[in-house]
Protein chains: 2
Amino acid sequence: MAVTIKDIAKKTGKSITTVSRALHGYNDVSPETREMVERVAKEMGYTPNLLAQRLQKQRTDTIGFILPTFGPRFSDPFFSEFLAGIGSSATKYGYDILVSTQPPGEKELEVYRKKVTGRQVDGFVLVRTRCQDPRINFLRESGVPFVAFGRTEGELDYPFVDEDGADGMFQLTKHLLERGHRRIAYITPPMALMFARDRWQGVKRALDEAGVSLPDAYLVTGELTQRSGREAARRLLSLPTPPTAIIAGNDLMALGAMSAIQERGLVVGEDIAVAGFDDIPMSEASHPPLTTVHQPIYEIGQMLTEMLIKIIRNQPLESQQILLRPQLIIRQSCGE
Amino acid sequence: MAVTIKDIAKKTGKSITTVSRALHGYNDVSPETREMVERVAKEMGYTPNLLAQRLQKQRTDTIGFILPTFGPRFSDPFFSEFLAGIGSSATKYGYDILVSTQPPGEKELEVYRKKVTGRQVDGFVLVRTRCQDPRINFLRESGVPFVAFGRTEGELDYPFVDEDGADGMFQLTKHLLERGHRRIAYITPPMALMFARDRWQGVKRALDEAGVSLPDAYLVTGELTQRSGREAARRLLSLPTPPTAIIAGNDLMALGAMSAIQERGLVVGEDIAVAGFDDIPMSEASHPPLTTVHQPIYEIGQMLTEMLIKIIRNQPLESQQILLRPQLIIRQSCGE
DNA sequence: ATTGACAGCCAAAACGTTTTGGACTATAAT
DNA sequence: ATTATAGTCCAAAACGTTTTGGCTGTCAAT
């Protein structure tokens, strides 16, 4: 069926060794032979069998990326942008991306292990790090190259890119405090996620410094989706003394919160302020446009991939831990 | 480094043949041997080298999916949901997904070709079909298994799943007509995309049947993003006689259009109606919630993947072409 | 005439599996 | 005592590459 190096050897009358070497620019084949081999290869439509190549070379030129899907309707714009970033760098360096979907939990590590020992990938891009992240321990111990988007608690001896969520939320919360808000509520992602804890630290610090307290009822947990943001906001709005400002741990939940406010007939930005984190494209187009903290997802995907490839290739890394300074994006959802 | 079948053979004192057969449930190995092999394999942490396995078996258990990325900020919630659907079925049947990013154009087919002849994938899931789609011609001719989300012009002799966009838009447009709208504008995706043409047919037919004409200036093209939807809507609103209703070819553009309307101080659903297509999660949470046509992206991803796997395995397909009947979702963006 | 250097070529091993086509032993049937 | 049968086992080939460690012939220098 598919044409192999053997077919070319037969056609050209050379050995398969010579064909292989001719195609790879070795200098122990004569120019005429090389030219002939190349011509025949092209004529016959030869493409190397990557499986065989990889088996022999003991590397896969493939990067693993495991999507932490929760439930069926999984539609986080975050991931398509991130994946596009990974893809752009991967393509640039001739790598493929092997994607699996696997919810966090029991079988998770097994998937990672299988991909590694099964020689399917050369390394991993991790995403959504948890405070105690078994994946990181596992990969660190087994010596598999990996990079992470996000940090963990404990020792940070692995390569990562992260945005300083504490600083971002600090800026954002301060912005709200400066605008006079004192009853500020926070919708947090599950605290097991490292960035959730991080962002919460930022909120907390800003409030503490201003001497503002946040009652227990003002701290609610959402699942990162619009739907859960809306439900969380509904609860907040039903409190005896509802907040005058709601900060959400990500934009999707902030947008959900906006819709909960609007369904009550209140005006976001006037009656109540809303802010998010991520600056997904949607946030610019919402009504009112959402005040948020920018995160360059696409670029982070690119950076991580390039770092990973360097690690795989044993090339030096100029900086193996990158903490990005967040940028506050002020729009109208917290008032004019 | 990694433990191979050979190591197990050495340890157990059996041949590699026997080890292989023991691990695969052949009945020509004694129960004791089988048990011993299995125990040792587990002890040593054996995982088969998938590269070797695949090279030998001449199949890859991998599905190819090539993301048609346009430009750097590529953040379409559509794709993460679709990918999650593919992933769920792929995992179920033990397949992996190989993802590449590649904009439509010159080098596109080369990527497909390389993945096939390089034995990286057993088949493809195609997405965003174009009216004249070179990918389909190529795959059809080379006999590679594939399934497509969407149809093309010309002969439809390949397996696909699609939602009847013409019917969906027909229903939607009729809904607007029934509500008294006569000045209806349409923001279309690029007409080279099959679903764009399809949906436009539906709009057109509804208008024709009602004897309503759509002036040239009311038909504008967007690039499927919020940003382009907003820009298109701005143009429409600046017309001497602006439309009273705007239909967008997808939800993202509809949401962009809503923001253009709101930035003019107009009220969506009262001053002007807006409708979209897709029913992405965002549409439910927008303000006002968007009237749209539902598309079960996740399920479509699943269906396509299962179809593809059946084709790869030469199993019969109960129906190889599926056209889904769309469901109109009426919310508030076209009035109460 | 020998030696050395070099250009051009190739057989065979290796990567880790699965499968083919037996071989061997013990027991049962003739 | 021979022949079948069944139960275990295995050597070798195959999948398509790359790499190792040669070999052969030519030419120039000694």
Side-chain angles (χ1 to χ4, degrees), chain A residues 1-38 40-41 44-62 94 113-122, chain B residues 1-38 40-41 44-62 94 96 114-122:
Chain A
M1 179 74 230
V3 23
T4 74
I5 221 172
K6 219 179 195 164
D7 301 325
I8 302 179
K10 204 167 292 171
K11 190 101 164 194
T12 56
K14 301 291 170 184
S15 75
I16 60 169
T17 307
T18 303
V19 172
S20 172
R21 299 181 79 83
L23 292 173
H24 287 85
Y26 282 70
N27 62 1
D28 63 352
V29 330
S30 73
E32 304 88 60
T33 307
R34 172 186 320 279
E35 208 210 335
M36 174 171 67
V37 167
E38 279 170 349
V40 171
M44 303 179 75
Y46 169 74
T47 347
N49 180 323
L50 290 176
L51 285 176
Q53 226 168 29
R54 289 170 176 178
L55 176 60
Q56 156 66 30
K57 291 203 156 171
Q58 296 285 77
R59 58 184 168 76
T60 67
D61 293 334
T62 301
R113 211 175 72 83
K114 219 160 143 186
K115 300 254 177 284
V116 173
T117 57
R119 300 270 159 194
Q120 290 195 78
V121 304
D122 290 339
Chain B
M1 181 72 230
V3 23
T4 75
I5 221 173
K6 220 180 197 164
D7 301 325
I8 302 179
K10 204 166 292 171
K11 190 103 164 193
T12 57
K14 301 291 171 186
S15 74
I16 61 169
T17 306
T18 303
V19 172
S20 172
R21 297 181 79 84
L23 292 173
H24 288 84
Y26 282 70
N27 62 1
D28 63 352
V29 335
S30 73
E32 303 87 60
T33 308
R34 153 159 312 127
E35 209 212 334
M36 174 172 66
V37 167
E38 279 170 349
V40 171
M44 302 180 76
Y46 170 73
T47 346
N49 180 323
L50 290 177
L51 284 177
Q53 224 167 31
R54 290 170 176 179
L55 176 60
Q56 156 67 30
K57 291 203 157 173
Q58 296 286 75
R59 57 184 169 76
T60 67
D61 293 335
T62 302
D96 290 312
K114 219 159 143 187
K115 300 254 177 283
V116 173
T117 57
R119 300 271 160 192
Q120 288 195 80
V121 304
D122 290 339

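Predicted model only: the values in this text are computed from it and were never measured. In what follows, every chain begins at residue 1, and chains take the letters A, B, ... in the order their sequences are listed.
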> Rounded to whole angstrom units, what separation is found between the CG atom of B:Leu55 and the C1' atom of D:dT18?
Replying inline: 13 Å
> Would you say A:Thr60 and B:Leu51 make side-chain contact, with heavy atoms under 4.5 Å?
Replying inline: yes
>> What is the separation between atom NE2 on A:His24 and atom P on D:dG16, rounded to the nearest whole Å?
In response: 16 Å
> Quick one: is D:dT18 close enough that its OP1 or OP2 comes under 4.0 Å of any side-chain N or O from A:Gln53?
Replying inline: yes
> With sugar-phosphate meaning primed atoms plus P, OP1 and OP2, does B:Arg21 contact a base, only sugar-phosphate, or nothing at under 4.0 Å between heavy atoms?
Replying inline: base
> In whole Å, what is the span from the CG atom of B:Asp28 to the P atom of C:dC24?
Replying inline: 17 Å
> Between C:dC10 atom P and A:Ile5 atom CD1, what is the distance in whole Å?
Replying inline: 13 Å
> Roughly, in whole Å, what's the span from CG in B:Asn27 to P in D:dC9?
Replying inline: 12 Å
> Hey, are the side chains of B:Asn49 and A:Leu55 touching, using non-hydrogen atoms and a 4.5 Å cut-off?
Replying inline: yes
> Of the candidate nucleotides D:dC10, C:dC10, C:dT17, which contains the atom at the shortest distance from the side chain of A:Lys14?
Replying inline: C:dC10
> Nearest of C:dT17, D:dG16, C:dC9 to any side-chain atom of A:Thr18?
Replying inline: C:dC9
>> Nearest to the side chain of B:Ser15, heavy atoms from C-beta on, is which of C:dG8, D:dA11, D:dG16?
In response: D:dA11
> For the pair made of CG in A:Asn49 and C1' in D:dA14, what is the distance, rounded to whole Å?
Replying inline: 13 Å
>> Between the base of D:dA11 and the side chain of B:Thr17, is there a donor and acceptor pair under 3.5 angstrom?
In response: yes
> Between A:Arg54 and B:Gln120, is a side-chain contact (heavy atoms from CB on, under 4.5 Å) present by the stated rule, with each step listed?
Replying inline: CA-CA 11 Å; A:Arg54 289 170 176 178; B:Gln120 288 195 80; 3.4 Å; yes
>> Please compare A:Ser20 and B:Glu32 by the position of their nearest nucleotide in DNA chain D and report the one closer to 5'.
In response: B:Glu32
> Taking only N and O in the side chain of A:Lys57, is any of them less than 4.0 Å away from OP1 or OP2 of C:dC15?
Replying inline: no
> If we ignore angles and hydrogens, is there a donor and acceptor under 3.5 Å between the side chains of B:Thr62 and B:Asp96?
Replying inline: no
> Between A:Gln58 (CD) and D:dG16 (C1'), how many Å, whole number?
Replying inline: 14 Å
>> Could you check whether atom CD of A:Gln58 has more than 12 heavy atoms from other residues, nucleotides or ligands sitting under 6.0 Å from it?
In response: yes
>> Return whichever of A:Pro48 or B:Val29 has its heavy-atom-nearest nucleotide of DNA chain D closer to the 5' end.
In response: B:Val29
> Tell me: OH of B:Tyr26 to C1' of C:dT18, nearest whole Å?
Replying inline: 7 Å
